[in-house]
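Everything on this sheet refers to the single structure shown next.
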Amino acid sequence: MLQVILPDGSTLRFEHPPTVLEVAQRIGPRLTKQAVAAEVDGRVVDLAHLLPGEGEVRVRILTSRDPEALDVLRHSCAHVMARAVMRLYPDVKLAFGPTTETGFYYDFELPEPISEEDFPRIEQEMQKIIAEDEPFERFEEPRDRAIQLCRDLGQLLKVEHIEQGLADHPTLSFYRQGEFIDLCRGPHIPSAGHIKAFKLLSVAGAYWKGDASRQQLQRLYGTAFFSKKDLEEFLQQVEEAKRRDHRVLGRQLELFTTSPLVGSGLILWQPKGATIRGVLEDFLRQELTRRGYQPVYTPHIARVELYETSGHYPYYADSQFAPIEMEPGERYLLKPMNCPHHIMIYKARPRSYRELPVRLAEFGTVYRYEKSGELGGMTRVRGFTQDDAHIFCTEEQVAQEFRSCVEMTQTVLRAVGMDDYQVRLGFRDPESDKYVGSPEVWQRAQEVLRREAEQLDLPNLEIQEGEAAFYGPKADFVVTDSLGRQWQLGTIQLDYNLPSPERFGLEYIGPDNRPHQVVMIHRAPLGSFERFVGILIEHFAGAFPLWLAPEQVRVLIVSQKFEEYGRQVEGELRAAGLRVGGDYRAEKLQAKIRDAQLERIPYMFIVGGRDQENRTVSVRHRSQGDLGPMPLAAAIEKLQQEIRTRTVEQHVRRTPAVIGRREAHVY
């Protein structure tokens, strides 16, 4: 007999092996009608999935209200899209068609290119398939028959994938929908009619299995929802995201630029962008000093042996620039991370327990060889500067240091108004061999992180196995921006392995006058200045809070005869420590206001005849409009107070739908 445990703790008993659909039918007709898929012992499956005949399983029926169901819907819509493309284009070869955070894509090998002008025709064919409402039918084949089936279908990319990528699978699963058959793990919705709203979004180039030496494919992106309302909200978000695109705003506001002559993925900070970065650096330096960190500087290159000792090379050789051969047997790497350098500073002399913790901080520039197709503005680059620090402490000090790192990250996020976040603990995958160190050491480190994170009552705490760094578990801050998108920003990583005798042998002399191994904490509240500023540009749509704005206030004169007083006001603002500009052109005042608005200047101080007589300024805010005349000294104090408190306007637009999570590229 099988016992099915439902989410509310109630149970159903079956004398025979039931399908998930039968479980839904036993619960009731309303749920049966709404059912899309199910979660069985934590794994999402089709409604046709057959349960065992005995024992017990936990079953949760998924409907359109469950986030997991949306992923199933989108996976199914990817099949519908592939079927439509095969109907419209002869000799199509199918590659892969996974879901993404925002929808799905499918890679095709086609003799002719697809463009956005073709989208209406493809969408029309998809709508026909959805209207036919044919079921998604799963079937399995032994390995040899699966290969032959793919050959018969002319899908040679699938044949290669079975022979190489799925070499250890004796049985392969397929899904049939009408004439369309695809090698697929599933799961899928019961039939295509459940897709109520979809949209093709873009087309891009890709390579088979991401290998630039292999054939080029066309990647067609789309999205799908259970309702037209959800799709419309999503498309509005997409348009708003385009309006806020940091690559566009960065060029318009002259914050940063790139040059093909300099190289792809290498950011050139223009004066305004450099000002923002400098303000962030000053803010962080103050926090670091207050928290007992010591500044260090390290070179941009080092011998390959340093990274071999740390394990970064060859673990991440594919994402590092090729070694530089200086002399026979002497190779150097562009620095891909700062931690081995900080380790060598710690190791430069013997350390006593009385010195610990030692906290070394550096705004360290590192280099990663990201593939050209993965580069994107400031958020995915090849050279970037991390707000990096490494703490060397005793095991007894770990808890307090972890708490301090969390507090600093919270302080940084609060200063830019990004206080909507969750904390995700990345733990070791016990089935993987990519990690260094013993399972016992990992267990100890993970328990410390779990215990401290739970005691701090961090928001929406989540544990994910397989997301740890190769040397230790970590806590990542996943921040939701003003568009509802998620970004992985600050990270705190606990490391018992790099200090071990097998790696660098980092020690301190304890009160017993004997050597003991230190524990190492890696932490970066921002991640990198490039990525963080790129995110801030989009979060604020270029309208930075006053304390961060590259130009905080602009003096505007009503007419040329007030230029002398305007320049006097500008001088006093600058003497008060404000970043100020002046517009003394012979233009109409409204044109000057419009230009300042377009440049996202937080405040405008307008001066005319009455202001000159009374030594006042007419204050205008970029979003609040006219604030009226103020004595110059009072206006300056108002701005200084806003800067001191790092006030952030709470006018950013929040939307309920999440259009994607952006991961950081740190390790």
Side-chain angles (χ1 to χ4, degrees), residues 244 246 275-293 359 361 363 379 386-389 391 400-425 452-462 474-492 521 523-550 552 602 623 638-654 658 661-662 664 666:
R244 292 169 177 253
H246 76 279
T275 297
I276 295 170
R277 172 171 165 170
V279 173
L280 286 169
E281 288 181 354
D282 290 344
F283 166 52
L284 288 168
R285 283 192 185 96
Q286 292 172 15
E287 284 295 317
L288 292 169
T289 300
R290 189 167 68 83
R291 295 170 184 271
Y293 285 83
R359 307 181 186 97
F363 298 150
T379 58
Q386 295 176 310
D387 61 325
D388 214 353
I391 301 167
Q400 176 56 41
E401 291 303 311
F402 175 75
R403 287 195 294 271
S404 180
C405 290
V406 169
E407 289 165 6
M408 182 168 180
T409 304
Q410 291 171 324
T411 298
V412 170
L413 296 178
R414 192 161 49 244
V416 293
M418 301 189 82
D419 51 5
D420 183 1
Y421 62 86
Q422 74 168 113
V423 176
R424 188 177 64 202
L425 301 183
E452 295 305 318
E454 289 174 350
Q455 288 181 359
L456 287 168
D457 194 26
L458 297 173
N460 303 312
L461 188 64
E462 178 184 345
K474 61 178 181 172
D476 290 332
F477 283 72
V478 180
V479 179
T480 301
D481 71 5
S482 58
L483 287 182
R485 301 171 301 182
Q486 290 185 315
W487 304 84
Q488 189 251 295
L489 290 177
T491 186
I492 306 166
I521 298 175
R523 47 106 287 189
L526 301 187
S528 80
F529 287 101
E530 286 77 6
R531 187 168 181 273
F532 191 72
V533 170
I535 292 168
L536 288 185
I537 293 170
E538 299 192 1
H539 179 65
F540 292 116
F544 290 94
L546 182 65
W547 76 276
L548 267 181
Q552 295 169 319
S623 62
K638 171 181 168 58
L639 270 60
Q640 289 176 329
Q641 173 64 14
E642 191 173 322
I643 292 166
R644 281 194 297 269
T645 57
R646 297 190 181 89
T647 302
V648 178
E649 296 174 64
Q650 296 302 317
H651 68 279
V652 289
R653 177 175 167 275
R654 295 262 178 205
V658 174
R661 173 181 290 174
R662 274 70 171 174
V666 296

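Atoms considered below: every heavy atom in the structure, side chains included; atoms not considered: hydrogens, waters and symmetry mates. Just so it is clear, the structure is predicted and the values come from calculations on it, not from any experiment.
Using a distance-only test at 3.5 Å, with no hydrogens or angles considered, no donor-acceptor pair links the side chain of S404 to the main chain of Q400. Between the E538 side chain and the H246 main chain, a donor and an acceptor come within less than 3.5 Å of each other. Checked by atom type and distance alone, the side chain of D387 pairs as donor or acceptor with a backbone atom of G527 at under 3.5 Å. Q552 places a side-chain N or O within 3.5 Å of a backbone atom of L546 that can act as its donor or acceptor partner.
Contacts of F532 classified as ring pair (Phe, Tyr, Trp, His ring centres under 6.0 Å), with partners at least two apart in sequence or in another chain: none.
L489 places none of its side-chain heavy atoms less than 4.5 Å from the side chain of Y421. For the pair M418 and I535, the minimum side-chain heavy-atom distance is below 4.5 Å. Under the 4.5 Å side-chain criterion, counting only non-hydrogen atoms from C-beta, N460 is not in contact with E462. Using a 4.5 Å cut-off on side-chain heavy atoms (C-beta onward), F544 and I537 make contact. In this structure, Q410 and L458 have side chains that are in contact, with non-hydrogen atoms separated by less than 4.5 Å. Residues F283 and R646 meet the side-chain proximity criterion, which asks for heavy atoms closer than 4.5 Å.
When each of V412, T411, L413 is tested with T409 by the rule side-chain contact (heavy atoms from CB on, under 4.5 Å), just one qualifies, namely L413.
Here CZ of F477 is found 12.0 Å from CZ of R424. Values are rounded to the nearest 0.5 Å. The CG atom of L461 sits 8.5 Å away from the CD atom of Q422 when rounded to the nearest 0.5 Å. Rounded to the nearest 0.5 Å, atoms CG (L280) and OG1 (T275) are 11.0 Å apart. Expressed to the nearest 0.5 Å, how far CE of M408 lies from CZ of R523 amounts to 5.0 Å. Note that CZ of F540 and CD of E649 are 9.0 Å apart. Values are rounded to the nearest 0.5 Å.
Using a cutoff of 4.0 Å between basic side-chain nitrogens and carboxylate oxygens, E401 and R359 are scored as salt-bridged. The existence of a salt bridge linking R277 and E281 is confirmed by a sub-4.0 Å separation between a basic side-chain nitrogen and an acidic carboxylate oxygen.
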